[in-house]
Undergrad: 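The structure's right below; bear with me while I get my questions together.
A, B, ... follow the sequence lines: proteins, then strands. Residue 1 opens every chain.
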Amino acid sequence: MEYRAPRGTRDILPPESEGWDIILSKLTVRAEEYGYKKVIFPTFEHTELFKRGIGEDTDIVQKEMYTFQDRKGRWLTLRPEGTASLARLFVEKGIDKFNGVSKYYYFGSMFRYERPQSGRYREFYHFGVEALGSDSPYLDVELISLCKDTVESFAIKDYLIYINSIGCSECRSQYILKLGGLLKQVIAYYCEDCRRRVTTNTLRVLDCKIDKHRNAELPILSDNLCPSCSQHYDEVKKGLQTLNINWQENPNLVRGLDYYNRTVFELVTPYLGESTSILGGGRYDQLISCLGGKETPGVGFALGFDRLYQVVYSNNPDFLNSPRKGVYISSPETGLWDKVFRITFDLRNRGLKAECNYQNRSLKSQVKTADKDNYEFFLTIFQKDMVLKNLTTGEEKVYENEEEEKVLVLLSGKGDMS
RNA sequence: GUGGGCGUAGCUCAACGGUUAGAGCAUUGGACUGUGGAUCCAGAGGUUGGGGGUUCGAAUCCCCUCGCUCACCCCA
């Protein structure tokens with residue numbers, strides 16, 4: 001095979017592409033009900049934006065970005081996530097000067113150079129939702145609630161919302177010092193990865209699958225928050241309770257991007273292998289000021305669209321089934337193709353889904369095609385009359401040539417088959 | 001970046017180192033000269049991912065390479 005889609009990318013064909021539209025429109029409708037508005041931003045940005053926003057030491061920036069120089073030598077990077085771009089446009093357009101709360105959502109492909117595996121691609125899709133301008137814990141709750149509503153609107157019952165607070169930069173760094181000190185005494189018993197992590201990413205040690213059991217004695221971050229972070233976290237939990245949202249505290253939940261602080265959350269499902277997260281997010285109160293804007297708190301999440309699709313599909317493959325629609329027009333006589341052609345376009349102009357075929361194939365195979373492609377009607381044009389067949393019921397009726405207008409009106413939805 | 005599994009028809013997969021590489025589904029035609037969802041018959045469809053080696057003989061064994069896939073790392 002000469003040409004293939006590059007590694008980690010893929011083509012989305014019908015009926016999957018139709019499923020994408022169904023899911024996307026649900027997400028959009030839900031976000032808009034919550035008062036969020038759509039933004040579209042570039043697929044690539046100046047590399048510096050991501051280095052600043054996401055953090056120079058994160059895995060994303062260190063080894064996963066698609067970075068290149070354009071013809072003028074500018075360093076550009078295909079976006080590995082959306083929050084940095086959103087923050088950039090927020091500052092660039094001066095929205096930080098506005099004192100209200102700004103609520104946006106976006107959808108688009110993201111790019112990360114990783115080894116593909118189940119539910120993970122090099123080009124993948126995020127549906128992101130962000131609220132800027134308030135540090136109110138209610139806003140954190142609102143976003144988590146939107147996550148819950150979204151997932152439930154796809155009839156997914158088996159899911160879990162994890163929450164945690166990673167505090168602000170002050171209480172977090174104090175905790176890390178404390179944790180690091182304690183771990184130093186026992187790290188020899190830990191796995192190889194943890195011995196490395198203890199210096200590079202201390203918090204990750206807590207999340208290790210192998211050494212999980214060893215961590216019971218260690219202090220947890222959410223117990224070591226400063227008073228104001230602690231109060232914020234309590235209010236988030238209170239708000240979740242008010243809305244009857246089930247959550248589970250996960251002291252080991254740590255996000256991999258530097259801009260997060262305080263509330264972080266993740267929604268996991270058991271559908272894709274062993275509990276995979278399909279969305280993750282949190283608060284980022286320093287990001288806007290870090291990018292040169294007026295200090296503006298923010299909170300948001302990104303949903304892995306591809307993963308959501310997989311979950312929705314494995315939960316209910318029938319969601320792709322749609323009712324029969326439109327009409328397929330054909331004639332066994334090549335001399336009548338002109339008429340077939342004319343009627344097809346006439347029906348299209350009347351707003352009906354209409355299709356015909358100019359291949360010289362048997363009538364039988366054409367009906368087969370129409371059936372397979374989920375058409376509702378099959379109209380056969382003969383020399384002396386025409387036959388309209390309802391492909392759902394199998395019922396059919398003969399019409400005289402003079403009744404053509406009647407058939408067209410009927411098909412475009414203004415009559416029944418009488 | 002590390003480690004496992006796998007590449008045979010459009011798809012899912014057979015074929016102990018031994019005739020001309022098969023089957024199901026899908027596709028095309030026919031039985032049914034003007035009709036789908038069922039059945040039967042027939043046709044078309046392949047450089048066994050690519051290259052090299054071992055052998056009288058390779059889809060099968062060995063090496064290289066490309067690709068896919070799963071897991072780790074990390075993330076959505």
Undergrad: When the C1' atoms of B/rU65 and B/rG57 are compared, how many Å lie between them, rounded to an integer?
TA: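 Looking at atom C1' only, B/rG57 and B/rU65 are 25 Å apart.
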Undergrad: Per the atom types in the model, does the base of B/rG34 pair as donor or acceptor with the side chain of A/Lys389 at under 3.5 Å?
TA: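 Flag unset: no donor-acceptor pair detected.
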Undergrad: Go ahead and write out RNA chain B as dot-bracket, 5' to 3': ( ) for pairs within the strand, [ ] for ones crossing earlier pairs, | when the partner sits on another strand, dots for unpaired; Watson-Crick or G-U wobble, both distances under 3.5 Å.
TA: (((((((..((((....[...)))).(((((.......))))).....(((((..]....))))))))))))....
Undergrad: On RNA chain B, nearest-nucleotide positions of A/Ala5 versus A/Gly304: which is more 5'?
TA: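 Checking each residue's closest nucleotide, the 5'-ward one belongs to A/Ala5.
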Undergrad: B/rC11 and B/rG34: how far apart are their P atoms, nearest whole angstrom?
TA: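 About 34 Å, rounded to a whole number of Å.
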Undergrad: Rounded to whole angstrom, note down the P distance from B/rG4 over to B/rC41.
TA: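 Approximately 48 Å lies between the P atom of B/rG4 and that of B/rC41.
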Undergrad: Check every strand shown and say whether A/Tyr121 touches a base, only sugar-phosphate, or nothing at a heavy-atom separation below 4.0 Å.
TA: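 Counting heavy atoms under 4.0 Å across all strands, the contact made by A/Tyr121 includes a base.
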Undergrad: We want to know whether A/Tyr66 and A/Glu123 form a side-chain donor-acceptor pair, criterion being a heavy-atom distance below 3.5 angstrom.
TA: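 No, no side-chain donor-acceptor contact under 3.5 Å.
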Undergrad: What's the closest nucleotide to the A/Arg115 side chain, out of B/rG3, B/rU35, B/rU27?
TA: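 When the side chain of A/Arg115 is considered, B/rG3 is the closest of B/rG3, B/rU35, B/rU27.
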Undergrad: Evaluate whether atom CZ of A/Phe44 has more than 12 neighbouring non-hydrogen atoms of other residues, nucleotides or ligands under 6.0 angstrom away.
TA: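 Open.
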Undergrad: Any idea which of B/rU35, B/rC68, B/rA76 is nearest the A/Arg7 side chain?
TA: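 Output: B/rC68.
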Undergrad: How close or far is atom P of B/rG36 from atom CG of A/Leu379, stated in whole angstroms?
TA: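 Rounded to whole Å, this separation is 16 Å.
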Undergrad: Distance alone, cut at 3.5 Å: any donor-acceptor contact between the side chains of A/Asn252 and A/Tyr162?
TA: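 Side-chain D/A pair, A/Asn252 to A/Tyr162: absent.
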Undergrad: Distance check, C1' atoms only: B/rG1 and B/rU8, in whole angstrom units.
TA: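 About 32 Å, rounded to a whole number of Å.
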Undergrad: Could you tell me how far B/rA21 sits from B/rA59 if I compare only their P atoms? Round to whole Å.
TA: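 Going atom to atom, P in each nucleotide, I get 10 Å.
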Undergrad: By centroid distance (under 5.5 Å) and plane angle (under 30°), are A/Phe382 and B/rG34 in a stacked arrangement?
TA: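 A/Phe382 ring centre within cut-off of B/rG34 base, planes near parallel; stacks.
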Undergrad: Output the single nucleotide from B/rG36, B/rG34, B/rA76 whose closest atom is nearest the side chain of A/Arg112.
TA: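 Among the listed nucleotides, the one closest to the side chain of A/Arg112 is B/rA76.
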Undergrad: Less than 6.0 angstrom separating the ring centers of A/Trp20 and A/Tyr125, yes or no?
TA: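 Ring centres of A/Tyr125 and A/Trp20 closer than 6.0 Å.
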Undergrad: Is it the case that the ring center of A/Tyr284 lies less than 6.0 angstrom away from the ring center of A/Tyr259?
TA: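 Between A/Tyr259 and A/Tyr284, the centre distance is under 6.0 Å.
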Undergrad: Check whether the side chains of A/Tyr309 and A/Glu16 place a donor and an acceptor atom closer than 3.5 Å, and report yes or no.
TA: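 There is no such pair (donor and acceptor under 3.5 Å, judged by atom type) between the side chains of A/Tyr309 and A/Glu16.
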Undergrad: Using whole Å, report how far CZ of A/Phe377 lies from P of B/rG37.
TA: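 After rounding, the reported distance stands at 19 Å.
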Undergrad: Among B/rG34, B/rA76, B/rU35, find the nucleotide with the atom closest to the side chain of A/Asp385.
TA: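 Output: B/rG34.
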Undergrad: Between A/Gln62 (side chain only) and A/Glu56 (backbone N and O only), is there a donor and an acceptor less than 3.5 Å apart?
TA: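 Yes, because the side chain of A/Gln62 sits within donor-acceptor range (under 3.5 Å) of the backbone of A/Glu56.
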Undergrad: Distance check, C1' atoms only: B/rA31 and B/rG45, in whole angstrom units.
TA: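 That atom pair is separated by 23 Å.
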Undergrad: Which value, in whole Å, describes the distance between the C1' atoms of nucleotides B/rG67 and B/rG50?
TA: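 Pairwise C1' distance, B/rG67 against B/rG50, rounds to 10 Å.
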Undergrad: Give one of base, sugar-phosphate or nothing for A/Arg10, where a contact means two heavy atoms less than 4.0 Å apart.
TA: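 No contact at all - A/Arg10 keeps every heavy atom at 4.0 Å or more from the nucleic acid.
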Undergrad: Nearest-nucleotide wise, let me know which of A/Phe124 and A/Gly394 is further upstream toward the 5' end of RNA chain B.
TA: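 Looking at RNA chain B, the more 5' nearest nucleotide goes with A/Gly394.
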Undergrad: In this structure, how many angstroms lie between the C1' atom of B/rA38 and the CG atom of A/Asp371, rounded?
TA: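 The distance from CG of A/Asp371 to C1' of B/rA38 comes to 13 Å, rounded to the nearest Å.
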Undergrad: Tell me whether A/Lys353 at atom NZ has more than 12 heavy atoms from other residues, nucleotides or ligands lying less than 6.0 Å away.
TA: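 Yes, the 6.0 Å shell around NZ holds more than 12 heavy atoms from other groups.
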Undergrad: Determine the Euclidean distance between corresponding C1' atoms of B/rU55 and B/rC61; express it in Å to zero decimal places.
TA: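 Those two atoms are separated by 10 Å.
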Undergrad: Taking the side chain of A/Leu363 as its heavy atoms from C-beta onward, which of B/rG34, B/rA76, B/rU27 lies nearest to it?
TA: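 In terms of side-chain proximity for A/Leu363, the closest of B/rG34, B/rA76, B/rU27 is B/rG34.
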Undergrad: Answer yes or no: does a side-chain N or O of A/Gln117 lie under 4.0 Å from OP1 or OP2 of B/rC70?
TA: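 So the side-chain polar atoms of A/Gln117 never come under 4.0 Å of the phosphate oxygens OP1 or OP2 of B/rC70.
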Undergrad: List the atom of A/Pro297, the atom of A/Ser134, and the distance in Å for their closest heavy-atom pair.
TA: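 Closest approach of A/Pro297 to A/Ser134: CG-C, 3.4 Å.
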Undergrad: Distances under 3.5 Å between protein N/O atoms and the N/O atoms of nucleotides 28-32 of chain B, please, pair by pair.
TA:
residue: B/rU28; atom: OP1; partner: A/Arg361; partner atom: NH1; Å: 2.4
residue: B/rG29; atom: OP1; partner: A/Ser362; partner atom: N; Å: 3.2
residue: B/rA31; atom: N6; partner: A/Lys364; partner atom: NZ; Å: 3.2

Undergrad: Regarding A/Ile60, tell me which of base, sugar-phosphate or nothing describes its non-hydrogen contacts under 4.0 Å with the strands shown.
TA: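 The residue A/Ile60 makes no contact with any strand.
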Undergrad: Mind checking if A/Gln366 touches a base, just sugar-phosphate, or nothing, with heavy atoms under 4.0 Å?
TA: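 Here A/Gln366 touches no strand at all.
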Undergrad: A/Thr67 and A/Thr77: side-chain donor and acceptor closer than 3.5 Å?
TA: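 There is such a pair between these side chains.
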Undergrad: Please state whether the base of B/rG1 and the side chain of A/Lys63 form at least one donor-acceptor pair under 3.5 Å?
TA: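 Check fails, no donor-acceptor contact within cut-off.
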Undergrad: Return yes when atom OH of A/Tyr138 has more than 12 non-hydrogen atoms of other residues, nucleotides or ligands closer than 6.0 Å, and no otherwise.
TA: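 Open: at most 12 neighbouring heavy atoms sit under 6.0 Å from OH of A/Tyr138.
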